Amino acid sequence: MTEGTTSAAAEGADALTRLEQEGEIAADYLEGLLDIADLDGDIDMDVEADRASVSIISDTGSRELQKLVGRDGEVLEALQELTRLAVHRETGDRSRLMLDIAGYRARKRAELSEIGAKAASDAKNTGEPVKLKPMTPFERKVVHDAVKAAGLRSESEGEEPQRFVVVLPA
């Protein structure tokens, strides 16, 4: 092994340890919130795509946890930001942690991937740019990834909260 390879492996291990620490801090914070709200839920932690990922799931069904998702994921987004702030307070580093509650984000990701793939197909077939409805940064990222996987380019246009994706033909 060369010195550069050893150094890169050590940096990767350090990054993984840091992300696992973020997940632990987030899990502790979220457990406290669940206790305060008197809601039952189990917390899963993982590292996905170079970011900590924390999920709140329930054995008794997700109906009770829907309160934490809110309309169109608004409460989930707010809880994610609060959790990121809690991690920042403990570590001093900005967190890109992703929070999912009752599988909401996983379902939304699948739905948005389909929207991105369809928009890419439409742009290929018509040769015209396809403009989508305004989306959150998370939603736009998923659509951009789906469009890229289909072999096309996309851009975000507009100002928050009316920022939207435009899929460009080849």
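Note that the coordinates shown come from a computational prediction; the quantities given were computed from them, not determined experimentally.
Using a distance-only test at 3.5 Å, with no hydrogens or angles considered, no donor-acceptor pair links the side chain of Lys124 to the main chain of Leu152. Side-chain atoms of Arg96 do not come within 3.5 Å of backbone N or O of Arg51 as any donor-acceptor pair. At distances below 3.5 Å, at least one donor-acceptor pair connects side-chain atoms of Glu139 with backbone N or O atoms of Thr136.
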Report task. Check the pair Arg71, Gln66 against side chain to side chain donor-acceptor pair (under 3.5 Å), reporting the backbone distance first and the verdict last. Result -> CA-CA 9 Å; Arg71 185 175 51 100; Gln66 282 305 121; over 6 Å; no
Requested in this report: Could you go through the side chain to side chain contact (heavy atoms under 4.5 Å, CB included) check for Val143 and Val147 one step at a time?
Outcome: CA-CA 6 Å; Val143 171; Val147 170; 4.2 Å; yes
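For the atom pair CD of Gln80 and CG of Asp100, the computed distance is 9.5 Å after rounding to the nearest 0.5 Å. A distance of 9.0 Å separates CD of Glu31 from CG of Asp42, quoted to the nearest 0.5 Å.
One finds a salt bridge joining Glu77 and Arg105 here, because a Lys/Arg side-chain nitrogen approaches an Asp/Glu carboxylate oxygen to under 4.0 Å. A salt bridge does not link Arg18 to Glu20: none of the charged side-chain nitrogens sits closer than 4.0 Å to a carboxylate oxygen. Salt-bridge annotation for Glu157 and Arg163: absent, with no side-chain N of the basic residue lying under 4.0 Å from a carboxylate O of the acidic one. Salt bridge annotation for Lys118-Asp122: present, with a cationic side-chain nitrogen under 4.0 angstrom from a carboxylate oxygen.
Applying the side chain to side chain donor-acceptor pair (under 3.5 Å) rule to Arg109 yields no partners; only residues at least two apart in sequence or on another chain are considered.
Closest of all the heavy-atom pairs between Leu132 and Ala119 is CD2-CB, 4.0 Å.
Atom CD of Glu159 has 12 or fewer heavy atoms from other residues, nucleotides or ligands within 6.0 Å.
Looking at Ser95 and His88, their side chains never bring a donor and an acceptor atom within 3.5 Å of each other.
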